[in-house]
K.L.:
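Here you go, one structure.
Start at 1 with the first residue, then count along the sequence. Side chains included, hydrogens not; waters and symmetry mates left out as well; all remaining heavy atoms used.
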Amino acid sequence: QVQVVESGGGLVQAGGSLRLSCATSGITFRIFDMGWYRQAPGQQRELVAAISSGGSTVYADSVKGRFTISRDNTKSTVYLQMNSVKSEDTAVYYCNAAALRHDYWGRGTQVTVSS
């Protein structure tokens, strides 16, 4: 049974910080590419950040310099460190695990930035 579970969301003030976690089980975590996506009301789901099985990273232009994605293969967990958050960061954040034909999604965690 595959599980992808996000945590760490909540209410945060503009300019503050938040760390999201995505814990996985039932997969060979080390061979999976991991990503964080977000979706705001009335908008498309968009890639926020991704980290490959080899450790390379990519970021959306809107979060470069503010967010950092990382992974801990010993804990089968990926993180998203969010600094200097803005109102525009308010969204449901989803964790994705992908490898070959496999593609798994978490149910999401709400992040709300107060202005």
Side-chain angles (χ1 to χ4, degrees):
Q1 190 82 355
V2 173
Q3 287 193 302
V4 179
V5 183
E6 303 95 337
S7 63
L11 179 65
V12 61
Q13 289 182 286
S17 296
L18 203 64
R19 189 174 83 152
L20 306 184
S21 298
C22 173
T24 71
S25 62
I27 65 171
T28 307
F29 182 82
R30 60 179 174 81
I31 69 171
F32 274 71
D33 298 329
M34 304 296 300
W36 285 98
Y37 294 73
R38 68 186 181 189
Q39 187 168 26
Q43 299 191 5
Q44 294 270 81
R45 185 173 298 188
E46 64 175 352
L47 175 69
V48 177
I51 183 166
S52 73
S53 61
S56 61
T57 59
V58 295
Y59 296 91
D61 288 340
S62 59
V63 308
K64 284 180 181 175
R66 299 189 298 120
F67 293 5
T68 303
I69 189 170
S70 62
R71 65 191 295 156
D72 185 341
N73 288 345
T74 69
K75 297 181 179 180
S76 298
T77 299
V78 65
Y79 306 95
L80 185 69
Q81 179 66 47
M82 306 168 61
N83 296 331
S84 302
V85 296
K86 307 174 179 179
S87 295
E88 308 93 271
D89 296 322
T90 294
V92 177
Y93 284 70
Y94 298 91
C95 181
N96 172 255
L100 295 175
R101 70 178 181 86
H102 302 288
D103 192 50
Y104 304 112
W105 291 89
R107 291 182 178 181
T109 186
Q110 176 72 49
V111 172
T112 302
V113 181
S114 62
S115 58

K.L.:
Would you say the side chain of Val5 lies within less than 4.5 Å of the side chain of Cys22, judging by non-hydrogen atoms?
P.N.:
no

K.L.:
Is any side-chain heavy atom of Thr112 closer than 4.5 Å to a side-chain heavy atom of Val12?
P.N.:
no

K.L.:
Using only atom types and a distance under 3.5 Å, with no angle test, would you say the side chain of Thr77 pairs donor to acceptor with the backbone of Lys75?
P.N.:
yes

K.L.:
Can you check whether Val113's main-chain N or O pairs, donor with acceptor, with Thr90's side chain at less than 3.5 Å?
P.N.:
yes

K.L.:
Using a strict cut-off of less than 4.0 Å between a Lys/Arg side-chain nitrogen and an Asp/Glu carboxylate oxygen, indicate whether Asp89 and Lys86 qualify as a salt bridge.
P.N.:
no

K.L.:
With rounding to the nearest 0.5 Å, note down the distance linking CD1 in Ile27 to CE in Met34.
P.N.:
5.5 Å

K.L.:
Please name the pair of heavy atoms, one in Ser21 and one in Trp36, separated by the smallest distance, quoted to 0.1 Å.
P.N.:
O-CH2, 3.6 Å

K.L.:
Do Val48 and Phe67 come close enough that some side-chain heavy atom pair is under 4.5 Å?
P.N.:
yes

K.L.:
Locate the shortest heavy-atom distance separating Tyr37 from Arg45; write the atom from each residue and the value.
P.N.:
CB-CG, 3.9 Å

K.L.:
Rounded to the nearest 0.5 Å, how far does CD1 of Ile51 lie from OG of Ser56?
P.N.:
7.5 Å

K.L.:
Please enumerate all residues that pass salt bridge (Lys or Arg N to Asp or Glu O under 4.0 Å) together with Arg30, with sequence neighbours excluded.
P.N.:
none

K.L.:
Determine, for Tyr94 and Arg38, whether the Lys NZ or Arg CZ falls below 6.0 Å from the six-membered ring centre while staying within 45 degrees of the axis.
P.N.:
no

K.L.:
Say whether, by atom type as modelled, one donor and one acceptor occur between the side chain of Ser52 and the main chain of Gly55 under 3.5 angstrom.
P.N.:
yes

K.L.:
Do you know the tightest heavy-atom contact between Gly9 and Val111?
P.N.:
CA-CG2, 4.2 Å

K.L.:
Kindly give the heavy-atom pair with the smallest separation between Arg66 and Ser84, and that separation in Å.
P.N.:
NH1-O, 3.1 Å

K.L.:
Measure the shortest side-chain to side-chain distance between Val2 and Ser25 over non-hydrogen atoms and say whether it is less than 4.5 angstrom.
P.N.:
no

K.L.:
Less than 4.0 Å between a side-chain N and a carboxylate O, is that true for Glu6 and Arg107?
P.N.:
no

K.L.:
When hydrophobic residues are tied together by side-chain contacts of less than 4.5 Å, even through go-betweens, does Val92 share a cluster with Val63?
P.N.:
no

K.L.:
Are the side chain of Ser76 and the backbone N or O of Thr24 linked by a donor-acceptor pair below 3.5 Å?
P.N.:
no

K.L.:
Within 45 degrees of the ring normal and closer than 6.0 Å to the centroid, is that where the cationic atom of Arg19 sits relative to Tyr79?
P.N.:
yes

K.L.:
Tyr93 and Met82: side chain to side chain contact (heavy atoms under 4.5 Å, CB included), yes or no, with the steps?
P.N.:
CA-CA 12 Å; Tyr93 284 70; Met82 306 168 61; 3.6 Å; yes

K.L.:
Scan the side chains in residues 97-106 for donor-acceptor partners under 3.5 Å anywhere in the protein, sequence neighbours excluded, and list what turns up.
P.N.:
residue, atom, partner, partner atom, Å
His102, ND1, Tyr104, OH, 3.1
Asp103, OD1, Asn96, ND2, 2.9
Asp103, OD2, Trp105, NE1, 3.2

K.L.:
A cation-pi test, strictly: NZ or CZ of Arg71 under 6.0 Å from the centre of the six-membered ring of Phe29 and no more than 45 degrees from its axis. Yes or no?
P.N.:
yes

K.L.:
Please walk me through it: do Ser17 and Asn83 pass side chain to side chain donor-acceptor pair (under 3.5 Å)?
P.N.:
CA-CA 4 Å; Ser17 296; Asn83 296 331; 2.9 Å; yes

K.L.:
Check Ser87 against Ser115 and note the closest heavy-atom contact, atom names and distance.
P.N.:
OG-CB, 3.3 Å

K.L.:
Does Glu88 reach the side chain of Ser62, with side-chain heavy atoms less than 4.5 Å apart?
P.N.:
no

K.L.:
Around Gln3, counting heavy atoms of other residues, nucleotides and ligands shown, do more than 12 lie under 6.0 Å from its CD?
P.N.:
no

K.L.:
Same cluster for Ile31 and Val78 if Ile/Leu/Val/Met/Phe/Trp/Tyr side chains link at under 4.5 Å?
P.N.:
yes

K.L.:
Examine Leu47 and Leu80 and state if one hydrophobic cluster contains both, with Ile, Leu, Val, Met, Phe, Trp and Tyr joined whenever side-chain heavy atoms are less than 4.5 Å apart.
P.N.:
no

